[in-house]
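First the structure, in the form of structure tokens, and then the observations on it.
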Amino acid sequence: MKLSPTQIEQYQEEGYVMLGRVLSDAQLEGLRQEEARFREARGVNNERPGTHFFSKMAPYSPVLREVITRGAHVEALPQLQGTPNVAFRHDQFVTKMPDRNSQKSEFPWHQDEGYEPVTPPLGVTVWMALDDMTLENGCIWVIPGSHKQGRLEHEARGEDGYLTLPIEGDGVPAIMKAGEAIAFTGLTLHRSKYNRTEGIRRAFFVGYTDAAATYQARNMAEPKPVVGSPHAWVVCGSAPMPSKR
Ligand SMILES: O=C(O)CCC(=O)C(=O)O
């Protein structure tokens with residue numbers, strides 16, 4: 001899929017754009033089956049309310065790799081990233097089990113690059129809905145234009161390990177159908193609220209960067225190139241070759 005000039009402008013100005021349907025029926029079904037496989041392997045069921053992450057699963061699944069490298073959204077990545085050279089660097093399923101008043105299924109306001117800075121900043125996150133996303137089941141919310149503030153200082157929140165920051169107001173809910181996606185920048189503030197339904201709420205989240213980017217996780221003394229780090233690889237164009245390894 002190629003994005004229109006209006007969609008690109010919205011992405012640049014507001015820090016997000018709705019991509020519409022990106023998954024084929026077969027890809028949607030394949031991702032749902034893989035999510036169920038990983039969820040079962042981790043012992044997550046209705047007795048465990050909350051938001052559960054099954055991260056860095058691409059090495060275990062050709063279904064995931066196909067979506068990450070050849071999904072309909074991939075053609076739009078150079079437009080979003082602003083370079084022909086784009087690397088995949090992170091995948092995760094984000095599954096919200098029914099909250100049932102446990103107040104555990106919220107994921108507070110954050111920038112993805114608040115967790116792990118990337119240079120140059122502004123990677124692209126493509127967040128795909130595997131179920132219809134509603135206000136009731138914990139759709140994602142974004143704050144239009146928030147990426148223009150740059151990287152903000154996040155604080156660790158309580159026991160759940162989330163980083164967050166104080167935000168006033170609600171932002172905009174990304175209501176969408178299963179198989180559709182939203183793209184947002186690594187600096188766009190976003191969050192999701194509780195899953196107040198009795199159904200499961202599943203999403204597949206894929207992070208991309210400029211193929212020449214470096215990243216620095218919280219436990220790393222120095223930044224490292226994205227391409228060459230575990231699980232990352234080029235999906236559009238090419239990456240600069242290191243002079244030696
Ligand atoms: O899927 C969600 O509820 C939020 C996921 C998210 O914001 C993230 O993983 O950064």
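We count ligands from 1, going down the list as the structure has it; atoms in each ligand are counted the same way. What you see is a predicted model, and the numbers here were worked out from it, not measured in a lab.
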> With Asp25, which residues qualify under salt bridge (Lys or Arg N to Asp or Glu O under 4.0 Å), at least two apart?
Replying inline: Arg21
> Does atom CE of Met241 have more than 12 heavy-atom neighbours from other groups under 6.0 Å away?
Replying inline: no
>> If you count heavy atoms of other groups shown closer than 6.0 angstrom to CD of Glu9, is the number above 12?
In response: no
Could you list each nitrogen or oxygen of ligand 1 that sits under 3.5 Å from a protein nitrogen or oxygen, with the atom names and the distance?
from, atom 1, to, atom 2, distance (Å)
ligand 1, 1 (O), Trp127, NE1, 2.9
ligand 1, 1 (O), Arg201, NH2, 2.9
ligand 1, 3 (O), Ser192, OG, 2.6
ligand 1, 3 (O), Arg201, NH1, 2.9
ligand 1, 3 (O), Arg201, NH2, 3.3
ligand 1, 7 (O), His110, NE2, 3.3
ligand 1, 7 (O), His190, NE2, 3.0
ligand 1, 9 (O), Gln92, NE2, 2.6
ligand 1, 10 (O), His110, NE2, 2.8
ligand 1, 10 (O), Asp112, OD1, 2.9
ligand 1, 10 (O), His190, NE2, 3.4

> Remaining members of Leu187's ILVMFWY cluster at a side-chain heavy-atom cut-off under 4.5 Å?
Replying inline: Leu122
> Under the ring-ring contact (aromatic ring centres under 6.0 Å, His included) rule, what pairs show up with a residue in residues 49-77, not counting sequence neighbours?
Replying inline: Phe53-Phe107, His73-Tyr208
>> Between the side chains of Arg201 and Glu136, is the shortest nitrogen-to-carboxylate-oxygen separation below 4.0 Å, so that they form an ion pair?
In response: no
